[in-house]
2 protein chains.
Amino acid sequence: MKELRTLYWKASKLYVLDQRVLPHRVRYVVAVDYRGVARAIKDMTVRGAPAIGVAAAYGLALAAVRTKGLNPQRALERLQRAADVLRSTRPTAVNLFWAIDRVLSRAERAVTNGENLADAVLEEAHRMAEEDVEVNRTIGRNGAQLVRDGARVMTYCNAGALATVGYGTALGVIRAAVEQGKRVFVYVPETRPKLQGARLTSFELKTAGIEHKVISDNTAPFLMSRGEVDLVVVGADRILATSGHVINKIGTLSLALAANYFGVPFYVAAPVSTIDFVRSLPQVKIEERDEREVLEVSGKRIAPRGVRAINYAFDVTPPELVRGIITERGVIRPDELMALRERAGV
Amino acid sequence: MKELRTLYWKASKLYVLDQRVLPHRVRYVVAVDYRGVARAIKDMTVRGAPAIGVAAAYGLALAAVRTKGLNPQRALERLQRAADVLRSTRPTAVNLFWAIDRVLSRAERAVTNGENLADAVLEEAHRMAEEDVEVNRTIGRNGAQLVRDGARVMTYCNAGALATVGYGTALGVIRAAVEQGKRVFVYVPETRPKLQGARLTSFELKTAGIEHKVISDNTAPFLMSRGEVDLVVVGADRILATSGHVINKIGTLSLALAANYFGVPFYVAAPVSTIDFVRSLPQVKIEERDEREVLEVSGKRIAPRGVRAINYAFDVTPPELVRGIITERGVIRPDELMALRERAGV
């Protein structure tokens, strides 16, 4: 992954790696305004909760540049409107909202202090991008202690460098274990319908030289029943501190149920910015996406004409199925999340 | 499905509906000898435990024709050799072995009685094809009592007319409920890697005018967690009477685990010929198929070059997850299977 970056800023434009065409093509989409960033998030050119958070921050940076010459109040209003558009792209992952709120409050401070708004917003976006990689490395170190030498680890979807600015969360745990000299074998569920596992996670693991095999998602419980999986580590799009529920890519629940039944430890790796300390489950919208994502693979229809599909992008794993949540603040149980807030002052 | 038959015998040839190209194309493969039938079973031109059993019976009928002029002992030896080839095609479904054994013992009786061998074998194959449809209708009636008006039923893979000679087992239950005037909505998991759900089950349900939607396999547990599924009915490739384990298409275990956790009744619909009264779990080979079935969809590769896959065709569901087995002899619990043998004299 040395040569590929999920996103980068250059000459006042945001370059977004087009994850829709990986692993077959490497192509960047260039966003010149916040609407371009919103499109890239919505159509999953960029995906992964941490990555879309930082992308949205850069989207606000692009919007801030266009406020030049406006009075501070008008400039902030413009930024708010851009924020609304960016927020509307994907409803489930909380990092998006967290990132936007953080940039907006930095913008307000800039106005109050009489700083240059565009510079302040861009600087904040850069800081978030840098922090993301640092946080992931810490998550990796914290999680690596759970990975024994020779472990057979199952992950899900892509919670790797491509889902973040770099290094990855669940894949960060695997990377850190490998960096510590441990031998690790990774099961990669393909992750229907958009195949982020088969396309992206295997791409990252291949590049990193980490041994792995792809499986259809429905093979995971059988492997666990045979005692062939030592650990499951997945990412998260939103973790509810109020109840401990974990919202992640559709199919996560299936792995959690099987892991629970067959005694395989099931962990979630995610930054504290993924934790929602406010909302409870009924307040979270589970995104439904275009049914064609299910009915077509590589542009070819798999079902008869006229047949419909249901396409939830995420599911909800109850806290009793989660052994622990690996964060940059340590590995915590789902029922300790509110205490983390007090301890960490987040 | 009125116009399509999974297989039929005409002018001393077996016509096999090519399920690999459904629903986009309707094409029959013609088998003129038992090797052609073996190929069609192995490459999944014909699939579904009951259907491959009957196909193998017709394969022996094709072999029996070629024994004309041989002395009875040589003829039986030829038939045995054909049986060996047919048995080697797919190791997991037990109906294949059951059907071959039944035809062979009919052949031996024919020789003993001085009957025409080819006629006797073909007659037995025809009888098995007819019985299959009758048995499925009885399974359907027995299972339909479990389906309430307005039920939302989840099935898996294709346990329909296409998996049998006609009517289907799990889909037979749904058909029978609909024939009784009940409104039924069916969830159709796509069934990776070969997409029998998306391609075949939706095709059958569409033809029959039964309301349904396709889902990615990994969506099933989430729907159950939301209380949106009333009943799960799947087929089986082999049911172990000694322990109650159900061997069926990979992914069945995932549905059984979720159904169990969220309190959704999980039933298996299968003829008594699917029950293995002899072997225990360690004696059953779980077929592994070509990894390209996972790595390619519609002929297009989904993972990077060089990446490998694991491709088990079946998984094993433990008896404690199975509410009941719907057979032509009634609905029985997994721990009642041995008693069924004594009762039914099978």
Side-chain angles (χ1 to χ4, degrees), chain A residues 22-24 187-193 195 198-199 202-203 205-207 212-223 225-226 249-258 260-261 286 291 293-295 297-312 314-316 318 321, chain B residues 22-24 187-193 195 198-199 202-203 205-207 212-223 225-226 249-258 260-261 286 291 293-295 297-312 314-316 318 321:
Chain A
L22 281 176
H24 304 300
Y187 294 104
V188 181
E190 59 181 355
T191 317
R192 281 282 289 150
L195 300 168
R199 294 192 300 110
S202 65
F203 178 75
L205 291 172
K206 185 186 169 190
T207 307
H212 65 285
K213 281 190 177 173
V214 172
I215 56 171
S216 59
D217 302 327
N218 54 26
T219 299
F222 184 51
L223 294 171
S225 77
R226 290 161 63 104
K249 179 54 53 195
I250 190 85
T252 302
L253 174 59
S254 173
L255 300 196
L257 287 165
N260 180 63
Y261 197 81
I286 302 296
E291 60 186 333
E293 291 184 351
V294 175
L295 296 168
V297 182
S298 308
K300 276 190 78 169
R301 193 168 171 95
I302 57 170
R305 269 173 209 293
V307 170
R308 308 286 307 267
I310 300 168
N311 184 17
Y312 286 107
F314 305 96
D315 63 22
V316 181
L321 302 180
Chain B
L22 281 176
H24 304 301
Y187 294 104
V188 181
E190 60 181 356
T191 316
R192 281 282 289 150
L195 301 167
R199 294 192 299 111
S202 65
F203 178 74
L205 291 171
K206 185 186 169 191
T207 306
H212 65 286
K213 281 190 177 173
V214 173
I215 57 171
S216 59
D217 302 326
N218 55 27
T219 299
F222 184 51
L223 294 171
S225 77
R226 290 161 63 105
K249 180 55 52 195
I250 190 85
T252 302
L253 174 58
S254 173
L255 300 196
L257 287 165
N260 180 63
Y261 198 80
I286 302 296
E291 61 187 332
E293 290 184 353
V294 175
L295 295 168
V297 182
S298 308
K300 275 190 79 169
R301 193 168 171 94
I302 58 170
R305 270 174 206 290
V307 169
R308 308 286 306 268
I310 299 168
N311 184 18
Y312 286 107
F314 304 96
D315 64 21
V316 182
L321 302 180

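Hydrogens, waters and symmetry mates are skipped; everything else that's a heavy atom, side chains included, is used. Given the structure is predicted, the values throughout are model-derived calculations rather than measurements. Just so we're on the same page: letters track the sequence lines, and every chain starts at 1.
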A.B. asks: Rounded to the nearest 0.5 Å, what separation is found between the OG1 atom of B:T252 and the CG atom of B:L257?
C.D. replies: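 Nearest 0.5 Å value for the OG1-CG distance: 11.0 Å.
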
A.B. asks: If I measure from the heavy atoms of chain B, does A:L22 come under 4.5 Å with its side chain, its backbone, both, or neither?
C.D. replies: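 Contact with chain B is absent: no heavy atom of A:L22 under 4.5 Å.
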
A.B. asks: When only pairs under 4.5 Å are counted, which of A:S298, A:A258, A:S216 shares the most heavy-atom pairs with chain B?
C.D. replies: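 Of the candidates given, the most pairs with chain B belong to A:S298.
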
A.B. asks: Examine whether an atom of A:Y187 lies under 4.5 Å from a heavy atom of chain B, and if so say whether it belongs to the side chain, the backbone or both; otherwise answer neither.
C.D. replies: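 A:Y187 touches chain B through side-chain heavy atoms alone.
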
A.B. asks: So for B:I286, is it side chain, backbone, both, or neither that comes closer than 4.5 Å to the heavy atoms of chain A?
C.D. replies: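 Just its side chain gets close to chain A.
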
A.B. asks: Are the side chains of A:V297 and A:R192 in contact, using a 4.5 Å heavy-atom criterion?
C.D. replies: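 Side-chain contact under 4.5 Å: yes.
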
A.B. asks: Go through the atoms of B:L195 and report whether side chain, backbone, both or neither lie under 4.5 Å from a heavy atom of chain A.
C.D. replies: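 Just its side chain gets close to chain A.
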
A.B. asks: With sequence neighbours left out, what residues match B:P304 under side chain to side chain contact (heavy atoms under 4.5 Å, CB included)?
C.D. replies: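 With neighbours one apart ignored, the set is A:P23, A:S202, A:F203, A:K206, B:V307.
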
A.B. asks: Chain A heavy atoms under 4.5 Å from B:N311: which part of the residue, side chain, backbone, both or neither?
C.D. replies: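 Nothing of B:N311, per the 4.5 Å heavy-atom cut-off to chain A.
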
A.B. asks: Do B:L253 and B:L321 touch side chain to side chain, with heavy atoms closer than 4.5 Å?
C.D. replies: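 The answer is yes; the side chains approach within 4.5 Å.
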
A.B. asks: Given a strict heavy-atom distance threshold of 4.5 Å, which part of A:L205 is in contact with chain B: side chain, backbone, both, or neither?
C.D. replies: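 For A:L205, there is no contact with chain B at all, as no heavy atom is under 4.5 Å.
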
A.B. asks: Considering only heavy atoms and a distance below 4.5 Å, find which of B:V316, B:V294, B:L295, B:I302 pairs most often with chain A.
C.D. replies: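 Winner by heavy-atom pair count: B:I302.
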
A.B. asks: Can you say whether A:S225 sits under 4.5 Å from chain B via the side chain, the backbone, both, or neither, judging by heavy atoms?
C.D. replies: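 When you check distances to chain B, only side chain atoms of A:S225 fall under 4.5 Å.
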
A.B. asks: Heavy-atom pairs under 4.5 Å with chain B: which of A:L255, A:D315, A:N260, A:I250 has the most?
C.D. replies: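 Of A:L255, A:D315, A:N260, A:I250, A:I250 has the most heavy-atom pairs under 4.5 Å with chain B.
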
A.B. asks: Within a reach of under 6.0 Å around CZ of B:R226, are more than 12 heavy atoms found that belong to other residues, nucleotides or ligands?
C.D. replies: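 Above 12, so yes.
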
A.B. asks: Would you say A:D217's side chain and A:E190's backbone share a donor-acceptor pair under 3.5 angstrom?
C.D. replies: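 Yes: the side chain of A:D217 pairs with the backbone of A:E190.
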
A.B. asks: Under the side chain to side chain contact (heavy atoms under 4.5 Å, CB included) test, which residues partner A:S254, sequence neighbours left out?
C.D. replies: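 A:P221, B:P221, B:S254.
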
